[in-house]
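Working notes, structure below.
All figures in this text were calculated on a predicted structure; none of them were measured in a lab. All values below come from the heavy atoms of this structure, side chains included, with hydrogens, waters and symmetry mates left out.
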Amino acid sequence: MNSVQLSICIATFNRGAYIGETLDSILCQLGSNVEIVVVDGCSPDNTSEVMFEYGSRYPQISYYREKVNSGVDGDYDKAVSYAQGEYCWLMTDDDLLCPGAIETVLSEISNPVDLLVVDAEIRNADFSRLLEKSRLGYKTNRQYGKNQQEQWFSDLADHLSFIGCVIIRRECWLGRNRAEYYGTVFIHIGVVFQHPPLETVRVVSEPLVVIRYGNAMWTSRAFDIWMFKWPELIWGFPDYSDEAKQSICQREPWKKAKTLFEYRAKGAYSISEFRKYFNKEKSSLLRCLLYVIAVFPSRLANFLSVIYVLKNRSRLLTIYELSLSKNASLLSRYYCRITDR
(Lines give C-alpha, C1' and ligand atoms only; values in the text may rest on other atoms or scores of the structure.)
Protein backbone atom coordinates (compact mmCIF):
# COMPACT_ATOMS: atom_id res chain seq x y z
CA MET A 1 0.00 0.00 0.00
CA ASN A 2 1.30 3.46 -0.94
CA SER A 3 2.29 5.33 2.23
CA VAL A 4 2.03 8.72 0.50
CA GLN A 5 -1.60 9.78 0.33
CA LEU A 6 -1.14 13.31 -0.96
CA SER A 7 1.49 14.93 -3.18
CA ILE A 8 1.48 18.72 -3.30
CA CYS A 9 2.68 19.41 -6.84
CA ILE A 10 4.10 22.85 -7.63
CA ALA A 11 5.26 24.10 -11.02
CA THR A 12 7.43 27.19 -10.57
CA PHE A 13 9.33 29.75 -12.60
CA ASN A 14 11.14 32.85 -11.32
CA ARG A 15 9.46 32.75 -7.91
CA GLY A 16 12.49 32.82 -5.66
CA ALA A 17 11.02 35.82 -3.84
CA TYR A 18 7.73 34.06 -3.06
CA ILE A 19 8.03 30.29 -3.04
CA GLY A 20 9.60 30.17 0.42
CA GLU A 21 6.49 31.73 1.95
CA THR A 22 4.34 29.23 0.06
CA LEU A 23 6.42 26.31 1.32
CA ASP A 24 6.32 27.60 4.90
CA SER A 25 2.51 27.56 4.81
CA ILE A 26 2.63 23.91 3.70
CA LEU A 27 5.52 22.50 5.73
CA CYS A 28 3.98 23.37 9.08
CA GLN A 29 1.07 21.05 8.18
CA LEU A 30 2.95 18.07 6.78
CA GLY A 31 2.72 14.54 8.11
CA SER A 32 4.52 11.41 7.01
CA ASN A 33 1.86 10.69 4.38
CA VAL A 34 2.29 13.98 2.49
CA GLU A 35 5.10 15.06 0.15
CA ILE A 36 5.93 18.20 -1.81
CA VAL A 37 7.07 17.95 -5.45
CA VAL A 38 8.47 21.10 -7.06
CA VAL A 39 9.29 21.31 -10.78
CA ASP A 40 11.33 24.38 -11.70
CA GLY A 41 11.15 25.41 -15.35
CA CYS A 42 14.81 26.47 -15.46
CA SER A 43 14.32 29.71 -13.52
CA PRO A 44 17.11 32.28 -14.08
CA ASP A 45 16.50 33.89 -10.68
CA ASN A 46 17.44 32.49 -7.25
CA THR A 47 14.68 29.85 -7.16
CA SER A 48 17.20 26.99 -7.22
CA GLU A 49 19.13 28.43 -4.25
CA VAL A 50 15.91 28.81 -2.26
CA MET A 51 14.80 25.29 -3.13
CA PHE A 52 18.16 23.68 -2.30
CA GLU A 53 18.05 25.37 1.10
CA TYR A 54 14.56 24.03 1.81
CA GLY A 55 15.38 20.63 0.34
CA SER A 56 18.39 20.23 2.62
CA ARG A 57 16.22 20.82 5.68
CA TYR A 58 13.03 19.01 4.68
CA PRO A 59 13.27 15.48 3.21
CA GLN A 60 9.58 15.64 2.28
CA ILE A 61 10.49 18.02 -0.56
CA SER A 62 11.52 16.64 -3.95
CA TYR A 63 12.95 19.35 -6.21
CA TYR A 64 13.41 18.92 -9.96
CA ARG A 65 15.16 21.65 -11.90
CA GLU A 66 14.49 21.19 -15.61
CA LYS A 67 17.18 21.91 -18.21
CA VAL A 68 14.68 23.74 -20.41
CA ASN A 69 11.39 25.52 -19.73
CA SER A 70 8.52 23.28 -20.83
CA GLY A 71 5.84 25.83 -19.97
CA VAL A 72 3.44 25.72 -17.05
CA ASP A 73 1.36 22.88 -18.53
CA GLY A 74 4.34 20.62 -19.13
CA ASP A 75 5.81 21.34 -15.71
CA TYR A 76 2.59 20.49 -13.86
CA ASP A 77 2.34 17.30 -15.88
CA LYS A 78 5.91 16.42 -14.92
CA ALA A 79 5.21 17.18 -11.27
CA VAL A 80 2.32 14.72 -11.23
CA SER A 81 4.41 12.10 -13.01
CA TYR A 82 7.22 12.50 -10.42
CA ALA A 83 4.76 12.34 -7.51
CA GLN A 84 4.23 9.26 -5.36
CA GLY A 85 0.90 10.14 -3.78
CA GLU A 86 -2.48 8.64 -4.47
CA TYR A 87 -3.79 12.19 -4.90
CA CYS A 88 -2.07 15.29 -6.28
CA TRP A 89 -2.82 18.83 -5.16
CA LEU A 90 -1.85 21.18 -8.01
CA MET A 91 -0.63 24.02 -5.84
CA THR A 92 0.59 27.40 -7.06
CA ASP A 93 4.04 28.80 -6.29
CA ASP A 94 3.15 32.13 -4.64
CA ASP A 95 -0.12 31.50 -2.79
CA LEU A 96 -0.62 30.11 0.73
CA LEU A 97 -2.40 27.17 2.29
CA CYS A 98 -4.79 28.07 5.08
CA PRO A 99 -4.13 26.51 8.51
CA GLY A 100 -5.62 23.02 8.68
CA ALA A 101 -5.97 22.77 4.88
CA ILE A 102 -4.03 19.52 4.53
CA GLU A 103 -5.89 17.86 7.38
CA THR A 104 -9.19 18.77 5.72
CA VAL A 105 -8.09 17.40 2.35
CA LEU A 106 -6.77 14.15 3.84
CA SER A 107 -10.09 13.65 5.57
CA GLU A 108 -11.98 14.22 2.31
CA ILE A 109 -9.87 11.88 0.17
CA SER A 110 -10.21 9.09 2.71
CA ASN A 111 -13.58 8.70 0.99
CA PRO A 112 -12.44 8.04 -2.64
CA VAL A 113 -13.23 10.64 -5.27
CA ASP A 114 -11.81 11.43 -8.73
CA LEU A 115 -11.59 15.17 -8.17
CA LEU A 116 -11.69 17.27 -5.02
CA VAL A 117 -12.22 21.00 -5.51
CA VAL A 118 -11.52 23.44 -2.68
CA ASP A 119 -12.58 27.04 -2.25
CA ALA A 120 -10.14 29.95 -1.90
CA GLU A 121 -10.10 33.49 -0.55
CA ILE A 122 -8.40 36.31 -2.43
CA ARG A 123 -6.06 38.91 -0.97
CA ASN A 124 -3.82 41.58 -2.45
CA ALA A 125 -0.19 40.95 -3.33
CA ASP A 126 1.11 41.31 0.25
CA PHE A 127 -1.93 39.58 1.81
CA SER A 128 -2.81 42.69 3.85
CA ARG A 129 -6.20 43.27 2.21
CA LEU A 130 -9.07 40.83 1.79
CA LEU A 131 -10.54 41.25 -1.68
CA GLU A 132 -12.89 38.28 -1.77
CA LYS A 133 -13.84 36.07 1.17
CA SER A 134 -14.85 33.11 -0.98
CA ARG A 135 -14.59 32.49 -4.71
CA LEU A 136 -17.39 29.93 -4.68
CA GLY A 137 -19.63 31.27 -1.93
CA TYR A 138 -20.96 27.80 -1.04
CA LYS A 139 -22.34 27.33 2.46
CA THR A 140 -21.95 23.53 2.46
CA ASN A 141 -19.91 20.90 0.65
CA ARG A 142 -21.26 19.48 -2.59
CA GLN A 143 -20.83 16.26 -4.54
CA TYR A 144 -21.52 15.50 -8.19
CA GLY A 145 -21.86 12.13 -9.89
CA LYS A 146 -21.19 11.09 -13.48
CA ASN A 147 -24.74 11.94 -14.58
CA GLN A 148 -24.41 15.50 -13.27
CA GLN A 149 -21.58 16.53 -15.57
CA GLU A 150 -23.50 19.42 -17.12
CA GLN A 151 -24.29 20.87 -13.70
CA TRP A 152 -20.81 20.67 -12.26
CA PHE A 153 -19.32 22.07 -15.45
CA SER A 154 -21.58 25.12 -15.12
CA ASP A 155 -20.97 25.42 -11.39
CA LEU A 156 -17.21 24.93 -11.29
CA ALA A 157 -15.45 25.57 -14.61
CA ASP A 158 -14.87 29.26 -13.89
CA HIS A 159 -13.54 28.54 -10.39
CA LEU A 160 -11.27 25.84 -11.81
CA SER A 161 -9.40 28.44 -13.84
CA PHE A 162 -7.44 28.75 -10.58
CA ILE A 163 -5.31 25.60 -10.60
CA GLY A 164 -4.61 25.71 -6.86
CA CYS A 165 -8.16 24.54 -6.11
CA VAL A 166 -7.57 21.15 -7.78
CA ILE A 167 -6.83 17.89 -5.96
CA ILE A 168 -7.04 14.99 -8.41
CA ARG A 169 -6.50 11.26 -8.18
CA ARG A 170 -3.07 10.69 -9.73
CA GLU A 171 -4.15 7.56 -11.59
CA CYS A 172 -6.98 9.55 -13.15
CA TRP A 173 -4.61 12.31 -14.31
CA LEU A 174 -2.10 9.90 -15.84
CA GLY A 175 -4.84 7.93 -17.59
CA ARG A 176 -6.14 10.94 -19.52
CA ASN A 177 -4.92 12.96 -22.50
CA ARG A 178 -2.60 15.74 -21.34
CA ALA A 179 -0.32 16.52 -24.28
CA GLU A 180 -3.20 18.00 -26.28
CA TYR A 181 -3.50 20.75 -23.67
CA TYR A 182 0.14 21.82 -23.56
CA GLY A 183 0.29 25.51 -24.38
CA THR A 184 -3.23 26.29 -23.19
CA VAL A 185 -1.93 27.36 -19.71
CA PHE A 186 -4.91 25.37 -18.34
CA ILE A 187 -3.82 21.75 -18.69
CA HIS A 188 -5.86 20.81 -15.63
CA ILE A 189 -9.05 22.06 -17.27
CA GLY A 190 -8.36 19.83 -20.26
CA VAL A 191 -7.74 16.83 -18.02
CA VAL A 192 -10.82 17.43 -15.87
CA PHE A 193 -13.42 18.11 -18.58
CA GLN A 194 -12.32 15.86 -21.44
CA HIS A 195 -14.27 12.75 -22.40
CA PRO A 196 -15.21 10.51 -20.64
CA PRO A 197 -16.60 12.49 -17.71
CA LEU A 198 -15.13 11.97 -14.27
CA GLU A 199 -17.12 9.61 -12.06
CA THR A 200 -17.17 11.62 -8.82
CA VAL A 201 -16.45 15.26 -7.98
CA ARG A 202 -16.59 16.71 -4.47
CA VAL A 203 -16.40 20.39 -3.45
CA VAL A 204 -15.09 21.65 -0.11
CA SER A 205 -16.94 24.87 0.67
CA GLU A 206 -14.29 26.06 3.16
CA PRO A 207 -11.54 28.26 1.63
CA LEU A 208 -8.29 26.30 1.96
CA VAL A 209 -6.04 28.52 -0.18
CA VAL A 210 -5.19 32.21 0.03
CA ILE A 211 -4.63 33.64 -3.44
CA ARG A 212 -2.01 36.38 -3.85
CA TYR A 213 -3.91 38.48 -6.38
CA GLY A 214 -2.16 40.69 -8.91
CA ASN A 215 1.03 38.64 -8.93
CA ALA A 216 0.32 36.27 -11.82
CA MET A 217 3.13 35.46 -14.21
CA TRP A 218 0.76 35.79 -17.16
CA THR A 219 -0.42 39.37 -16.49
CA SER A 220 1.33 40.60 -19.63
CA ARG A 221 -0.49 37.91 -21.64
CA ALA A 222 -3.89 38.43 -20.04
CA PHE A 223 -5.55 39.61 -23.25
CA ASP A 224 -4.45 36.60 -25.27
CA ILE A 225 -5.31 34.17 -22.47
CA TRP A 226 -8.78 35.42 -21.53
CA MET A 227 -9.93 36.60 -24.94
CA PHE A 228 -8.70 33.59 -26.94
CA LYS A 229 -7.08 30.66 -25.09
CA TRP A 230 -9.69 30.32 -22.34
CA PRO A 231 -12.78 30.58 -24.61
CA GLU A 232 -11.25 28.23 -27.17
CA LEU A 233 -10.61 25.67 -24.44
CA ILE A 234 -14.05 25.93 -22.82
CA TRP A 235 -15.93 25.85 -26.13
CA GLY A 236 -13.86 22.91 -27.35
CA PHE A 237 -15.37 20.32 -24.99
CA PRO A 238 -17.99 18.23 -26.84
CA ASP A 239 -19.76 16.80 -23.77
CA TYR A 240 -21.32 20.09 -22.63
CA SER A 241 -24.09 22.20 -24.09
CA ASP A 242 -23.60 25.64 -25.61
CA GLU A 243 -25.79 27.01 -22.83
CA ALA A 244 -23.42 25.61 -20.19
CA LYS A 245 -20.38 26.98 -22.03
CA GLN A 246 -22.03 30.38 -22.41
CA SER A 247 -22.51 30.48 -18.64
CA ILE A 248 -18.71 30.27 -18.28
CA CYS A 249 -17.60 32.65 -21.03
CA GLN A 250 -18.64 34.01 -24.40
CA ARG A 251 -17.25 32.24 -27.44
CA GLU A 252 -15.70 35.50 -28.69
CA PRO A 253 -15.60 37.81 -25.67
CA TRP A 254 -13.53 40.42 -27.51
CA LYS A 255 -16.60 41.31 -29.58
CA LYS A 256 -18.24 42.84 -26.50
CA ALA A 257 -17.32 46.54 -26.38
CA LYS A 258 -17.71 46.77 -22.59
CA THR A 259 -15.28 43.88 -22.04
CA LEU A 260 -12.73 45.32 -24.46
CA PHE A 261 -12.98 48.77 -22.89
CA GLU A 262 -12.27 47.26 -19.46
CA TYR A 263 -9.16 45.57 -20.85
CA ARG A 264 -8.10 48.92 -22.30
CA ALA A 265 -8.57 50.47 -18.85
CA LYS A 266 -6.43 47.75 -17.25
CA GLY A 267 -3.64 48.27 -19.78
CA ALA A 268 -4.11 44.86 -21.41
CA TYR A 269 -5.47 46.13 -24.75
CA SER A 270 -3.79 48.72 -26.95
CA ILE A 271 -2.94 49.41 -30.57
CA SER A 272 -0.34 46.62 -30.51
CA GLU A 273 -3.04 44.03 -29.62
CA PHE A 274 -5.29 45.52 -32.29
CA ARG A 275 -2.60 45.08 -34.93
CA LYS A 276 -1.78 41.58 -33.75
CA TYR A 277 -5.33 40.21 -33.54
CA PHE A 278 -7.78 42.44 -35.40
CA ASN A 279 -6.06 44.31 -38.21
CA LYS A 280 -7.52 41.86 -40.74
CA GLU A 281 -11.02 41.72 -39.24
CA LYS A 282 -13.42 41.38 -42.17
CA SER A 283 -16.20 43.54 -40.76
CA SER A 284 -15.17 47.16 -41.28
CA LEU A 285 -17.65 48.37 -38.65
CA LEU A 286 -16.33 45.96 -36.01
CA ARG A 287 -12.73 46.74 -36.96
CA CYS A 288 -13.45 50.44 -36.53
CA LEU A 289 -14.90 49.86 -33.06
CA LEU A 290 -11.93 47.70 -32.06
CA TYR A 291 -9.56 50.42 -33.28
CA VAL A 292 -11.36 53.24 -31.46
CA ILE A 293 -11.17 51.36 -28.15
CA ALA A 294 -7.49 50.53 -28.76
CA VAL A 295 -6.57 54.22 -29.15
CA PHE A 296 -8.99 55.61 -26.54
CA PRO A 297 -6.99 57.60 -23.93
CA SER A 298 -5.88 54.93 -21.49
CA ARG A 299 -5.96 57.02 -18.30
CA LEU A 300 -9.43 58.29 -19.11
CA ALA A 301 -10.57 54.72 -19.79
CA ASN A 302 -9.18 53.66 -16.43
CA PHE A 303 -10.85 56.51 -14.57
CA LEU A 304 -14.22 56.00 -16.26
CA SER A 305 -14.06 52.27 -15.48
CA VAL A 306 -13.33 52.96 -11.82
CA ILE A 307 -16.31 55.30 -11.62
CA TYR A 308 -18.48 52.66 -13.27
CA VAL A 309 -17.56 49.83 -10.90
CA LEU A 310 -17.22 51.93 -7.74
CA LYS A 311 -20.96 51.76 -7.15
CA ASN A 312 -20.78 47.96 -7.04
CA ARG A 313 -18.52 46.90 -4.15
CA SER A 314 -18.94 43.25 -5.15
CA ARG A 315 -16.52 44.07 -7.99
CA LEU A 316 -13.71 44.99 -5.64
CA LEU A 317 -11.36 42.71 -7.60
CA THR A 318 -11.95 44.73 -10.75
CA ILE A 319 -11.32 47.99 -8.92
CA TYR A 320 -8.12 46.54 -7.47
CA GLU A 321 -6.95 45.49 -10.93
CA LEU A 322 -7.68 48.95 -12.29
CA SER A 323 -5.64 50.53 -9.49
CA LEU A 324 -2.65 48.33 -10.38
CA SER A 325 -2.76 49.24 -14.06
CA LYS A 326 0.00 51.30 -15.61
CA ASN A 327 -2.88 53.47 -16.84
CA ALA A 328 -4.14 54.27 -13.35
CA SER A 329 -4.22 58.00 -12.59
CA LEU A 330 -3.83 59.45 -9.10
CA LEU A 331 -7.57 60.10 -9.12
CA SER A 332 -8.25 56.46 -10.05
CA ARG A 333 -6.05 55.21 -7.22
CA TYR A 334 -7.81 57.55 -4.81
CA TYR A 335 -11.22 56.18 -5.73
CA CYS A 336 -9.89 52.65 -5.35
CA ARG A 337 -8.56 53.38 -1.87
CA ILE A 338 -11.85 54.76 -0.55
CA THR A 339 -13.53 51.40 -1.19
CA ASP A 340 -11.73 50.21 1.97
CA ARG A 341 -13.61 52.70 4.13
Side-chain angles (χ1 to χ4, degrees), residues 7-15 19 36-45 47-48 51 62-85 87-95 114-115 117 153 156-198 201 215-240 245 248-249 251-254 268 276-277:
S7 299
I8 298 179
C9 299
I10 301 174
T12 190
F13 182 72
N14 275 6
R15 294 297 202 181
I19 196 168
I36 301 173
V37 178
V38 179
V39 173
D40 177 3
C42 197
S43 298
D45 70 350
T47 296
S48 60
M51 288 309 309
S62 297
Y63 173 61
Y64 301 87
R65 178 174 170 81
E66 301 300 309
K67 293 182 179 179
V68 296
N69 189 311
S70 303
V72 65
D73 301 307
D75 286 347
Y76 270 113
D77 196 22
K78 289 176 182 177
V80 174
S81 69
Y82 295 148
Q84 300 297 313
Y87 286 85
C88 292
W89 190 339
L90 307 181
M91 183 59 186
T92 43
D93 59 0
D94 64 337
D95 300 320
D114 285 335
L115 176 70
V117 179
F153 177 85
L156 298 176
D158 183 64
H159 177 61
L160 285 167
S161 64
F162 170 58
I163 196 170
C165 74
V166 173
I167 298 101
I168 190 166
R169 191 162 53 84
R170 182 172 180 268
E171 182 180 300
C172 179
W173 178 280
L174 295 177
R176 294 166 84 81
N177 182 357
R178 290 108 61 205
E180 180 180 342
Y181 300 99
Y182 280 24
T184 65
V185 303
F186 296 106
I187 185 174
H188 60 295
I189 295 289
V191 169
V192 164
F193 290 116
Q194 67 182 252
H195 187 83
L198 298 178
V201 177
N215 198 47
M217 291 291 290
W218 61 22
T219 301
S220 61
R221 297 179 291 144
F223 188 80
D224 179 55
I225 289 170
W226 297 113
M227 294 295 100
F228 299 101
K229 288 186 181 295
W230 176 249
E232 182 180 354
L233 182 61
I234 292 298
W235 283 83
F237 295 118
D239 290 339
Y240 309 97
K245 294 170 186 175
I248 305 304
C249 67
R251 193 164 202 157
E252 296 177 302
W254 52 269
K276 181 177 181 179
Y277 298 107

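The only option from Val80, Leu115, Ile168 that meets the side-chain contact (heavy atoms from CB on, under 4.5 Å) definition with Val191 turns out to be Ile168. For the side chain to side chain donor-acceptor pair (under 3.5 Å) criterion with Thr12, the lone passing option out of Thr92, Asp93, Asp94 is Asp93.
A donor-acceptor pair under 3.5 Å links the side-chain atoms of Lys229 to the main chain of Gly183, judged by distance alone. Although no hydrogens or angles enter the test, the distance criterion places a donor-acceptor pair under 3.5 Å between the side chain of Gln194 and the main chain of Asn177. Judged purely by atom type and a 3.5 angstrom limit, Arg15 has no side-chain atom pairing as donor or acceptor with the backbone of Asp45. Proximity of a side-chain donor or acceptor of Ser70 to a complementary backbone N or O of Asp75 within less than 3.5 Å is not detected. For the pair Arg178 (side chain) and Gly74 (backbone), a donor-acceptor distance under 3.5 Å is absent. Put simply, the side chain of His195 never gets that close to the backbone of Asp239: no donor and acceptor are under 3.5 Å apart.
Note that NE2 of His159 is 12.0 Å distant from CD1 of Ile248, once rounded to the nearest 0.5 Å. The distance from the CD1 atom of Ile167 to the OG atom of Ser7 is 12.0 Å, given to the nearest 0.5 Å. Taking OH from Tyr82 and SG from Cys88, the interatomic distance works out to 13.5 Å, rounded to the nearest 0.5 Å. The distance from atom CD1 of Ile19 to atom CG of Asn14, rounded to the nearest 0.5 Å, is 11.0 Å. With values rounded to the nearest 0.5 angstrom, Ile163 atom CD1 is found 4.5 Å from Tyr76 atom OH. Atoms CG and CZ, from Asp73 and Phe186 in turn, are 9.0 Å apart once rounded to the nearest 0.5 Å.
Scored by the side-chain contact (heavy atoms from CB on, under 4.5 Å) test, Arg251 finds Trp235 as partners (sequence neighbours excluded).
Ring geometry, Phe237 versus Tyr240: the interplanar angle exceeds 60°, so the pair is classed perpendicular (tilted spans 30 to 60°). Between Phe193 and Phe153, the angle of the ring planes goes over 60°, which puts this pair in the perpendicular group of the 30/60° scheme.
In summary, the side chains of Tyr63 and Asp40 do present a donor paired with an acceptor at a separation below 3.5 Å, with no hydrogens or angles considered. Remark: the Tyr277 side chain and the Asp224 side chain contain an N/O donor-acceptor pair separated by less than 3.5 Å.
Crowding of Glu252 atom CD: a count of heavy atoms from other residues, nucleotides or ligands under 6.0 Å exceeding 12.
Contact annotation: the side chain of Ser161 approaches that of Trp226 to within less than 4.5 Å [non-hydrogen atoms, C-beta and beyond]. Side-chain contact between Arg176 and Pro196: present, with at least one pair of heavy atoms (C-beta onward) separated by less than 4.5 Å. For the pair Cys42/Arg65, a side-chain contact is recorded, criterion being any heavy-atom separation below 4.5 Å from C-beta on. Counting heavy atoms from C-beta on, the side chains of Trp173 and Leu90 come closer than 4.5 Å.
In terms of heavy-atom proximity, Leu198 sits nearest to Asp114 at C-OD2, 3.8 Å. Across every non-hydrogen atom of Gly41 and Asn69, the tightest pair is O-ND2, 3.1 Å. Between Val72 and Ala11 the shortest heavy-atom distance is O-CB, 4.3 Å. Nearest heavy-atom pair, Val38 versus Met51, reported as atom, atom and distance to 0.1 Å: CG2-CE, 3.7 Å.
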Discussion item. Go through it in stages, so that I can follow the logic: the residues are Val39 and Asp77, the test is side-chain contact (heavy atoms from CB on, under 4.5 Å), and I'd like the CA-CA distance, side-chain angles, deciding distance and then a yes or no.
Written reply: CA-CA 10 Å; Val39 173; Asp77 196 22; over 6 Å; no
Worksheet item: So Val192 and Leu156, side-chain contact (heavy atoms from CB on, under 4.5 Å) or not? Walk me through it.
Response: CA-CA 11 Å; Val192 164; Leu156 298 176; over 6 Å; no
